[in-house]
Amino acid sequence: MTSPIKTHRNGAILEITLDRPKANTIDQPTSRLMGDVFAEFRDDDSLRVAILTGAGEKFFSAGWDLNEAAEVGGAGYSNDYGQGGLYGFPELPNLEKPVICAVNGYAVGAGFEVFLNADFTVAADHAQMWLPEAQLGVAPDVGTFLLPKLLPTPIANEILMTGRRLSAEECKHWGLVNRVVPQADLMDTARELAAQITASAPLSVAAIKQTARLSRHMSAAQFYHGLRNGDFPLFTKMMESEDALEGPNAAMEKRTAVWKGR
């Protein structure tokens with residue numbers, strides 16, 4: 001039996017493909033496997049960025065496997081989706097490396113919600129995203145939590161309560177997607193973005209991701225207090241690193257040397 005998760009190392013980039021015909025749905029065993037893959041990515045110092053995509057051109061992911069949902073009675077909150085939660089990375093502890101979602105087709109239900117948890121998203125121009133749960137007599141869980149934080153309230157409510165499909169361009173308009181490109185350019189675009197990230201210092205990228213996450217619900221006063229109090233460990237580690245201690249001029253010289261060498 002072939003694995004539903006395909007991985008490919010591309011230098012410092014790990015490409016992860018969900019391959020569960022016909023619609024790239026996610027079940028508990030697959031999610032647990034994805035959690036293990038993302039944990040290995042987290043712990044491998046030679047890897048800097050992960051790209052998650054779906055096999056084929058029609059579905060990025062149609063969400064939770066409905067056959068499994070019928071078997072467990074829809075009690076998704078008590079199920080074992082592994083160390084990183086559904087799709088392997090949204091709840092993975094200490095994942096301070098960026099994850100890019102390359103949305104190659106329909107992103108439905110949890111398939112929509114997962115790219116909301118990514119650090120970056122690129123989408124094929126034919127992709128569509130929607131949350132059908134309210135039309136089926138239930139409510140989106142992660143979407144209900146995240147969308148009102150990311151979008152104006154009327155727009156979030158329309159998406160959540162009507163199940164309206166969004167085009168990739170609409171998602172870009174509302175800031176849910178970084179770039180929209182033809183299907184043929186999708187993975188190359190994701191790789192280009194990943195390469196731009198890897199051109200930055202790894203500790204700086206990790207410090208940005210961790211500090212943004214830890215300070216998300218803080219007031220400005222709480223943030224500055226935490227900054228001075230060392231409450232953002234990777235920010236402190238970054239500031240105490242060799243590059244930071246050498247000062248901005250040394251850092252600029254290193255950066256110039258890097259660019260001249262390209």
Inset, instruction - Side-chain contact test, heavy atoms from C-beta onward, threshold under 4.5 Å: evaluate it for F38 versus V99 and give yes or no. - result: yes

Legend entry - Check: R42 main-chain N/O paired with K97 side-chain donor or acceptor under 3.5 Å: yes

Inset, instruction - Report yes if some heavy atom in the side chain of E133 is under 4.5 Å from a heavy atom in the side chain of D141; otherwise report no. - result: no

Legend entry - Any donor-acceptor pair under 3.5 Å from Q210 side chain to L234 backbone: yes

Legend entry - I159-V180 co-clustered via ILVMFWY side chain contacts under 4.5 Å: yes

In residues 50-57, what donor-acceptor pairs under 3.5 Å come from side-chain atoms, sequence neighbours left out?
residue	atom	partner	partner atom	Å
T53	OG1	A102	O	2.8
T53	OG1	N104	OD1	3.4

Legend entry - Verify same cluster id: L160, M129 (apolar side-chain graph, 4.5 Å): yes

Legend entry - By ring pair (Phe, Tyr, Trp, His ring centres under 6.0 Å) - contacts of F232 (at least two apart): F223

Legend entry - 4.5 Å side-chain heavy-atom contact, L214 and D231: no

Inset, instruction - Say whether, by atom type as modelled, one donor and one acceptor occur between the side chain of R48 and the main chain of T198 under 3.5 angstrom. - result: yes

Inset, instruction - Compare all side-chain heavy atoms of L116 with those of V142 and state whether any distance is below 4.5 angstrom. - result: no

Inset, instruction - Could you list the residues that satisfy side chain to side chain contact (heavy atoms under 4.5 Å, CB included) with R9, not counting sequence neighbours? - result: L14, D44, S46, L47

Inset, instruction - Starting from F59, walk the hydrophobic network (Ile, Leu, Val, Met, Phe, Trp, Tyr; side-chain heavy atoms closer than 4.5 Å) and list everyone else you reach, by chain and number. - result: Y106, V108, W130

Inset, instruction - Determine the minimum heavy-atom distance between Q83 and D36, stating which atoms define it. - result: NE2-OD1, 2.9 Å

Legend entry - Sub-4.5 Å side-chain heavy-atom contact between F120 and V49: no

Validation: residues 181-191 side-chain donor-acceptor distances under 3.5 Å, sequence neighbours left out:
residue	atom	partner	partner atom	Å
D188	OD1	R191	NH1	3.1
T189	OG1	D185	O	2.7
R191	NE	E15	OE2	2.7
R191	NH2	E15	OE1	3.1

Legend entry - K209 NZ: over 12 foreign heavy atoms closer than 6.0 Å: yes

Inset, instruction - Report the residues that fulfil side chain to side chain contact (heavy atoms under 4.5 Å, CB included) with T25, sequence neighbours left out, ordered by chain and then residue number. - result: R20, A23, A62, D65

Inset, instruction - Run through the side-chain heavy atoms of Ile, Leu, Val, Met, Phe, Trp and Tyr, join any pair under 4.5 Å, and report what else lands in L136's cluster. - result: none

Legend entry - Heavy-atom closest contact (L92 atom, A39 atom, distance): CD2-N, 3.7 Å

Inset, instruction - Could you tell me whether the side chain of D27 and the main chain of T30 form a donor-acceptor pair under 3.5 Å? - result: yes

Inset, instruction - Check whether any side-chain heavy atom of L86 sits under 4.5 Å from a side-chain heavy atom of V114, and report yes or no. - result: no

Inset, instruction - Using a 4.5 Å cut-off on heavy atoms from C-beta on, say whether the side chain of L147 contacts that of L131. - result: yes

Inset, instruction - Return the set of residues passing side chain to side chain contact (heavy atoms under 4.5 Å, CB included) with E40 (not counting sequence neighbours), or none when no residue passes. - result: none

Inset, instruction - Looking only at non-hydrogen atoms, find the nearest pair between Y87 and S31 and report the distance. - result: N-OG, 3.2 Å

Which pairs of donor and acceptor atoms, one on a side chain in residues 168-178, lie under 3.5 Å apart (sequence neighbours left out)?
residue	atom	partner	partner atom	Å
E170	OE1	S167	N	3.0
E170	OE2	R164	NH1	2.9
N178	OD1	T121	N	2.8

Inset, instruction - Among Ile, Leu, Val, Met, Phe, Trp and Tyr joined by side-chain contacts under 4.5 Å, find the other residues sharing a cluster with V138 and list them by chain and number. - result: none

Legend entry - For P154, side chain to side chain contact (heavy atoms under 4.5 Å, CB included) partners two or more places apart: P152

Inset, instruction - Identify the heavy atoms of E113 and G143 that sit nearest to each other, and give their distance. - result: OE2-N, 2.7 Å

Inset, instruction - Heavy atoms only: give me the nearest S219-Q222 pair and the separation to one decimal. - result: N-OE1, 2.7 Å

Inset, instruction - Write down the atom of T236, the atom of G230, and the distance for their closest heavy-atom approach. - result: OG1-CA, 3.8 Å

Legend entry - Co-membership, hydrophobic cluster, residues Y81 and L146, 4.5 Å side-chain: yes

Legend entry - Co-membership, hydrophobic cluster, residues F235 and V205, 4.5 Å side-chain: no

Inset, instruction - State plainly whether one hydrophobic cluster holds both L66 and I26, where clusters connect Ile, Leu, Val, Met, Phe, Trp and Tyr through side-chain heavy atoms under 4.5 angstrom apart. - result: no

Legend entry - Within-4.5 Å side-chain heavy-atom neighbours: K58 and N24: no

Inset, instruction - Could you list the residues that satisfy ring pair (Phe, Tyr, Trp, His ring centres under 6.0 Å) with F112, not counting sequence neighbours? - result: F115

